[in-house]
Each structure stands twice: as structure tokens, then as C-alpha cells.
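Lettering follows sequence order; numbering is per chain, from 1. The model shown is predicted, which means the values in this text are computed figures rather than measured ones.
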Protein chains: 2
Amino acid sequence: MNNSLPKAALPAGPVGTASSRVFDNLRKDLVGGRFVAGEKLAINALKERYQVGLSPLREALNKLAAYGLLIQENQRGFRVPKLSRDELDDIAQMRLEMEGMALERAIAHGDSHWEADLLAAAHRLKHADISLDKGEEWEHLHTQFHRTLVAPCGSVWLLRFIEQLHDQFDRYRRLGPKMPTIRQELDDQHHQLVELALLRDAKAARALLDDHIHKSYDVALKRYQEHV
Amino acid sequence: MNNSLPKAALPAGPVGTASSRVFDNLRKDLVGGRFVAGEKLAINALKERYQVGLSPLREALNKLAAYGLLIQENQRGFRVPKLSRDELDDIAQMRLEMEGMALERAIAHGDSHWEADLLAAAHRLKHADISLDKGEEWEHLHTQFHRTLVAPCGSVWLLRFIEQLHDQFDRYRRLGPKMPTIRQELDDQHHQLVELALLRDAKAARALLDDHIHKSYDVALKRYQEHV
DNA sequence: TTAGACAAGATAATCGATTTTTTAACTTAC
DNA sequence: GTAAGTTAAAAAATCGATTATCTTGTCTAA
């Protein structure tokens with residue numbers, strides 16, 4: 001084979017293992033609410049659905065269980081965790097504490113590179129086509145924005161926990177269909193957050209982020225209550 | 001087979017799957033410093049060491065990677081995460097924030113059942129034979145004590161994160177051999193923590209816990225620096 | 001001398017089949 | 001009619017072997 005093209009020129013990129021691919025897809029589907037909470041996973045059906053063999057599938061399921069998106073019970077497989085009001089409250093409360101902390105630190109430490117990334121992320125989010133592929137594109141840019149916002153907080157572990165909490169929170173927020181009304185208000189807050197971050201007004205930024213999380217919580221709670 | 005003994009009478013208890021057993025053992029060994037940081041794991045050697053087949057072993061490794069006790073690199077297996085001063089600082093800082101928060105909430109919500117558990121845990125810890133099986137017994141009771149201390153904080157996720165941080169912290173703290181001198185001082189603090197918790201003095205308890213973590217941090221840092 | 005190509009061996013990932021355990025349906029005794 | 005016991009089917013866990021990928025050492029050509 002005399003293909004002299006460098007690998008990077010090909011569109012494919014690093015394909016990754018079957019296990020990592022099914023992990024990504026399953027995670028997306030679990031967070032996006034494409035499984036029923038409490039449901040027991042039929043492994044053979046998943047094999048079909050994700051077009052993988054048993055071994056990589058089980059490895060992905062094990063990782064998701066350790067991550068908290070699945071419950072693993074010895075000798076009786078995997079199930080999707082139930083949803084509860086109490087847990088939603090817990091998750092939202094933890095988001096307030098941890099993202100608030102992270103935002104203050106990010107504002108203290110973030111450099112001009114961060115400012116640029118933040119502006120870019122907010123802009124991309126604003127122009128995302130929400131109607132495209134069930135808003136999957138918007139969801140991704142939204143996650144990316146919040147990730148960027150707290151990125152320079154200086155703590156790898158704090159970022160890790162926040163990511164995990166976001167995934168858990170989104171299991172509630174993404175239960176129902178989109179609500180464009182409240183959505184607009186939340187979108188506006190993203191830009192206000194950028195403004196306050198650039199002004200280095202940690203106090204005001206944190207207050208706004210608190211409000212943002214509270215409003216998101218209201219949406220998530222509504223979805224949950226309608227869903228039950 | 002006419003064995004009429006109820007299952008519970010047998011000493012074995014729930015044996016669990018091969019995967020869960022090797023997960024527990026590997027976790028203990030990783031936290032206990034029985035692997036070299038940065039080392040690449042030879043899967044075949046682990047198969048020998050833990051007496052399991054490939055599939056359950058790989059499932060355990062995948063879980064540990066999602067949990068943060070291993071690094072998984074596509075197509076090149078698993079390695080033990082490196083240690084660094086920066087990460088130790090991060091972990092200790094996060095412990096201060098999160099355990100402090102949890103302790104205040106536990107003191108606010110814990111009932112008399114909790115008080116009893118706490119006294120019992122502290123007592124067991126005090127009388128643990130530290131010389132036994134490399135102090136493994138003491139380590140277990142120590143973990144148990146700290147777990148009990150914050151147990152009624154009301155947040156499942158906070159407890160989960162704290163547990164994870166403890167495991168990470170212990171990778172540093174347990175690098176070298178035991179230091180009986182400083183150990184005594186830390187042991188005393190455990191009992192003082194119980195006292196303050198029973199008095200419901202959240203402020204003082206948190207201050208003492210901060211100091212406790214700081215002292216533990218000093219130990220861990222020393223170990224780390226001697227170890228490099 | 002050294003960068004690149006190649007081949008052989010080692011390791012990681014995956015597959016297909018087997019073993020073990022659970023679940024559910026059915027029976028039988030009280 | 002209920003509860004304990006039995007068994008067949010389903011599902012989970014594990015094993016042994018295969019396939020794919022990486023690593024290392026050697027060689028060649030500039």
C-alpha cells in the first residue's frame with residue numbers, strides 16, 4: 001500500500017476502540033433521555049442498537065456504572081437509575097456550590113486566551129441551529145460553553161465533578177420537549193455571564209450563575225413533574 | 001442435597017462476581033500504593049495475581065479508569081496515574097471545601113443514631129491494631145470513621161465525591177511507611193471531632209477538620225517528596 | 001550517521017461459545 | 001388459596017481463542 005497521504009489529512013481521525021465509541025454513544029443517549037429511568041437494559045438489544053460485540057459493550061457499561069449513569073447489580077445486569085425529586089434537588093444544590101466556586105476561581109486566574117475562548121463559545125452557542133438533529137448541536141455547544149466558563153479554575157477534580165453533575169442534571173432537564181420561552185431568557189444569561197467574566201466581577205458573575213442554575217432547575221423540575 | 005442450614009448461617013456471605021472482587025482488590029492495592037505511579041499494567045500478570053480471567057479483569061480495569069484510579073489509553077492499555085505536587089494540592093484543597101461543607105450539614109441534620117455510630121466508629125478506630133496486616137485494619141476503620149462523620153450531610157453526590165477524593169489522597173498519604181509520631185496527633189483529633197460534633201458546634205468542628213486535613217496534607221506531602 | 005521502511009514479537013481488543021445464576025412458570029402439599 | 005419446591009427458559013458472567021494494533025529491533029538508502 002503506497003498511500004502517501006498523512007493520516008491527519010483523512011477525515012476519519014482517530015477512530016478509537018469499539019468500547020470507547022459505544023461508551024460515547026450510550027452516554028449521549030442516557031443523558032439525552034433516550035432510555036426510560038429505572039429501565040433494565042437488555043444487553044442483546046444494545047448489541048444490536050450500537051452494532052458492537054458483547055465484550056466492548058460490557059466494558060462501556062461498566063465504565064458508565066462507575067461514572068454514575070448506570071446502576072450495576074451483581075448477577076443481574078445494568079439498569080438506568082431512577083429519577084427523584086430529592087436527587088434533582090441534590091444535584092442542583094451541588095451545582096450551585098461547585099460551579100460557583102469554579103467560576104470565582106476562573107475569573108481570578110483566566111487569561112486573555114480564556115476570554116477569547118469564552119467569547120467564541122458564546123457566539124457559537126448563539127448561532128446554533130436549535131432545530132437541527134433534535135437540538136443535539138445546541139446541546140453540545142451549551143455543554144461546551146459551560147465547560148469553557150469554568151475551565152481555568154485550576155482544579156482538575158473540580159472540573160471533573162462539575163462535568164459529572166452536568167450529565168446528571170441533564171437527565172432531568174432533557175426529559176421533555178424544548179421550551180423556547182424560557183430558553184430565550186437562559187440564552188441571554190449566557191452572554192451576560194461572558195460580560196461579567198470579562199469585567200472580572202466575580203461577585204456579580206457568581207450571583208448571575210446562581211440565578212442561571214436556579215432557572216434551569218425550575219425547568220428541570222417542571223419537566224420531571226410532568227414526566228412522572 | 002438436603003442441607004437445611006439457611007444461607008445466612010454460612011460464613012461466606014454474598015460472594016459477588018469475579019469482576020467485583022477483582023475491582024475491590026485492585027482498588028485497595030492502588031490506594032495502598034502497591035503499584036508504582038506511572039507504571040503500565042501488564043494485564044497477564046494481573047490475571048495471575050488476582051486469579052481471574054481476562055473478561056472480569058478488563059471490566060474491573062474499565063471501572064477503575066472511570067473512577068479515576070487508572071488511566072486508560074485507547075489501544076495501549078491501562079496505567080497507574082502519575083503523582084504530582086500540583087495534584088496533591090488540588091486534592092487537599094478540594095477535601096477542605098467538600099468535607100467542610102459536608103461536616104456542617106451533617107452536624108445540622110445528624111440524629112442520635114448518627115451520634116451513636118460516630119462514637120462507635122471512633123472507639124473502634126482507637127483500638128485498632130495498627131501492626132496487624134500492614135495496618136490494613138486501621139486503614140479500613142479510619143476510612144469508616146471519616147465516612148460516618150459526614151454521612152448525614154444529606155447529599156449523595158457530595159458523599160460520592162468525598163469518597164473519591166479520599167482514595168486519591170490516600171495514594172499520596174500511604175506512599176511510605178507509617179509515622180507513629182504524627183499519627184498520635186491525628187488520632188487525637190478524631191476524638192475531638194466527635195466531641196465537637198456531639199456538641200453541635202459546627203464552626204469549631206469545621207475549623208478542627210480543616211486543621212486535620214492540613215496536617216494530613218503535611219504528612220502526604222512529606223511522603224511524596226521523600227518518594228520522588 | 002540517521003531517517004525511514006519493514007518484519008517479528010508482544011500486547012490490546014474483540015469475538016463466539018460455555019458456564020453460572022436468576023427469573024418465571026408450573027406443580028404439589030398443606 | 002397459599003406457600004414451598006421444581007424445572008425450563010432467559011439473562012449475566014466468564015472463558016478460550018482470534019484478530020487488530022502497537023512496539024521493538026534490524027536493515028537499507030540517502
Roughly how many Å is it from NZ in A:Lys47 to P in D:dA12, rounded to a whole number? 12 Å
Here's a test of your reading of the structure: between B:Ala42 and A:Ser55, which maps to the more 5' nucleotide of DNA chain C? B:Ala42
N/O-N/O pairs, protein side and nucleotides 8-11 of chain D side, under 3.5 Å:
none

Spacing between A:Phe78 atom CZ and D:dA12 atom P, to the nearest angstrom: 9 Å
Will you find, in the side chains of B:Thr148 and B:Asp117, an N or O donor that is under 3.5 Å from an N or O acceptor? no
Under 4.0 Å between a Lys/Arg side-chain N and an Asp/Glu carboxylate O for B:Arg27 and B:Glu163? yes
Do A:Arg49 and A:Phe35 form a cation-pi contact, if we require the NZ or CZ to be under 6.0 Å from the six-membered ring centre and within 45 degrees of the ring's axis? yes
Ion pair present between A:Lys82 and A:Glu39, side-chain N to carboxylate O less than 4.0 angstrom? no
In terms of the angle between their ring planes, are B:His142 and B:Trp138 parallel, tilted or perpendicular, with boundaries placed at 30° and 60°? parallel
Please enumerate all protein N or O atoms sitting under 3.5 Å from an N or O of nucleotides 17-20 of chain C, with distances to 0.1 Å.
none

Below 4.0 angstrom, N of the basic side chain to O of the carboxylate: do A:Arg171 and A:Asp167 qualify? no
Ion pair check, A:Glu59 and B:Arg58, cut-off under 4.0 Å: yes
Answer yes or no: is there an ion pair linking A:Lys28 with A:Glu139, defined by an N-O contact shorter than 4.0 Å? no
Distance in angstrom units between B:Glu59 CD and C:dA13 C1', rounded: 14 Å
May I have the distance from A:Glu73 (atom CD) to D:dA13 (atom C1'), rounded to whole angstrom? 15 Å
Distance in angstrom units between B:Arg58 CZ and D:dT14 C1', rounded: 14 Å
C:dA12 P sits how many Å from B:Asn62 CG, rounded? 13 Å
Whole angstroms only, please: what is the CG-P distance between B:Leu61 and D:dT14? 14 Å
Calculate the interatomic distance between B:Arg21 atom CZ and D:dA12 atom P; express it in whole Å. 19 Å
Salt-bridged, A:Arg21 to A:Asp24, with N to O below 4.0 Å? no
